[in-house]
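Each remark here refers to the structure printed beneath this line.
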Amino acid sequence: MKCFNHPEREAVATCQKCGKGLCRECAEKFTPCMCAPCADQTRRSRQQEAQNKEEQRKQKYKEALVDTRSEFIKTAVSGILLGILCIWFMKSNHDGLTFADCAGYLLIGFFVPFGWKFLTYLQSFFPLSIFGTFWFWIIYGIVKFVLSVFVGIPAFIYQLVKTILTQRKIHRLE
């Protein structure tokens with residue numbers, strides 16, 4: 001068998017992809033042993049795979065950023081609804097609520113979901129037993145709610161800054 005590229009030379013190897021005969025000089029050009037067209041095709045194929053993997057990684061990263069933004073929006077909407085519920089509950093029990101009272105109840109309700117999520121995150125490091133009396137869980141819920149009001153303010157600020165930075169990253173990726 002003769003070399004595909006050099007018909008005057010004897011083949012000492014074959015291309016591992018297409019089986020063409022290769023002389024010693026052609027066989028030593030690429031590892032594994034391949035002819036130039038097959039080596040170029042393999043190189044292009046590997047580059048395309050690497051590019052596809054990079055695009056998939058970027059898409060997953062972008063989707064995670066969008067999830068972060070949508071999670072903030074869901075929490076804020078639930079906080080607004082809880083704030084409105086607080087106002088409605090207080091208005092039904094008290095006739096003389098001022099605008100400042102309503103604004104305060106709205107803010108208290110708004111910050112609770114942010115604080116609740118943060119406390120739930122912290123709780124994952126200190127798991128509670130699922131066993132407990134009914135009154136334990138009632139008191140636990142009340143304490144967690146009250147703490148959520150105070151923890152919710154810095155948690156909201158943190159989430160707001162994180163969402164703004166996330167939005168910038170999304171715009172940079174696009």
Side-chain angles (χ1 to χ4, degrees), residues 15-18 26 28-91 97-130 137 139-174:
C15 175
Q16 290 186 2
K17 289 198 102 176
C18 67
C26 293
E28 291 175 350
K29 284 184 180 177
F30 304 104
T31 303
C33 185
M34 285 190 271
C35 63
C38 289
D40 286 341
Q41 182 184 13
T42 301
R43 182 185 48 80
R44 284 193 305 272
S45 171
R46 286 182 181 160
Q47 286 175 342
Q48 186 63 38
E49 285 178 21
Q51 186 178 6
N52 289 344
K53 283 183 180 180
E54 181 63 19
E55 288 296 321
Q56 289 174 350
R57 186 193 65 77
K58 284 182 181 179
Q59 185 62 30
K60 285 182 180 181
Y61 180 68
K62 185 177 177 184
E63 289 170 2
L65 292 175
V66 170
D67 284 347
T68 300
R69 181 180 61 186
S70 64
E71 190 63 32
F72 175 78
I73 292 169
K74 287 182 210 174
T75 307
V77 168
S78 63
I80 291 169
L81 293 175
L82 185 62
I84 292 170
L85 186 66
C86 285
I87 292 172
W88 175 77
F89 178 74
M90 289 301 175
K91 229 172 182 25
L97 285 180
T98 65
F99 178 76
D101 294 335
C102 291
Y105 291 127
L106 181 66
L107 285 176
I108 287 171
F110 180 76
F111 291 128
V112 166
F114 290 99
W116 191 274
K117 280 187 169 193
F118 180 71
L119 290 174
T120 302
Y121 169 73
L122 289 180
Q123 182 183 334
S124 68
F125 296 110
F126 308 102
L128 289 174
S129 171
I130 59 170
W137 290 110
I139 292 169
Y140 170 77
I142 292 169
V143 168
K144 189 172 179 180
F145 181 84
V146 171
L147 285 175
S148 294
V149 173
F150 298 106
V151 173
I153 296 168
F156 166 74
I157 293 168
Y158 170 76
Q159 286 295 324
L160 180 64
V161 169
K162 183 177 172 184
T163 302
I164 291 169
L165 294 175
T166 297
Q167 191 63 31
R168 286 183 182 172
K169 287 179 185 176
I170 290 173
H171 283 299
R172 266 189 268 140
L173 288 175
E174 292 175 346

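Only heavy atoms go into these numbers, but all of them, side chains included; no hydrogens, no water, no symmetry mates.
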Evaluate the criterion side-chain contact (heavy atoms from CB on, under 4.5 Å) for residue pair K58 and E54; output intermediate values, then yes/no.
CA-CA 6 Å; K58 284 182 181 179; E54 181 63 19; 3.5 Å; yes
By the salt bridge (charged side-chain N to carboxylate O under 4.0 Å, His left out) test, which pairs, at least two apart or in different chains, include something from residues 112-126?
E71-K117
Nearest-0.5 Å distance that lies between atom CG in L106 and atom CZ in F111:
9.5 Å
Any chance you could lay out the side-chain contact (heavy atoms from CB on, under 4.5 Å) test for L82 and F110, step after step, and finish with the verdict?
CA-CA 6 Å; L82 185 62; F110 180 76; over 6 Å; no
Partner set under salt bridge (Lys or Arg N to Asp or Glu O under 4.0 Å) for R46, not counting sequence neighbours:
none
Is the Y121 ring parallel, tilted or perpendicular to the F118 ring (thresholds 30°, 60°)?
tilted
Distance (rounded to the nearest 0.5 Å) between F30 CZ and D40 CG
6.0 Å
State, with a plain yes or no, whether a side-chain heavy atom of M90 is found less than 4.5 Å away from one of D101.
no
Do the non-hydrogen side-chain atoms of L85 and L81 ever get within less than 4.5 Å of each other?
no
How far does NZ of K53 sit from CD of E55, to the nearest 0.5 angstrom?
14.0 Å
Residues, nucleotides or ligands: over 12 heavy atoms within 6.0 Å of W137 CH2
yes
Side-chain polar contacts of residues 147-164 - donor-acceptor pairs under 3.5 angstrom, sequence neighbours left out - could you list them?
{"unit_1": "S148", "atom_1": "OG", "unit_2": "W116", "atom_2": "N", "d": "3.3"}
{"unit_1": "S148", "atom_1": "OG", "unit_2": "K144", "atom_2": "O", "d": "2.6"}
{"unit_1": "T163", "atom_1": "OG1", "unit_2": "Q159", "atom_2": "O", "d": "2.7"}

Non-hydrogen atoms of Y105 and C86 that approach each other most closely
O-CB, 3.9 Å
For R43, I'd like to know if atom CZ has over 12 heavy atoms of other residues, nucleotides or ligands within 6.0 Å.
yes
Do N52 and Q48 have a side chain donor and acceptor closer than 3.5 Å?
yes
What heavy-atom pair brings C15 and C35 nearest, and what distance separates the two atoms?
SG-N, 3.4 Å
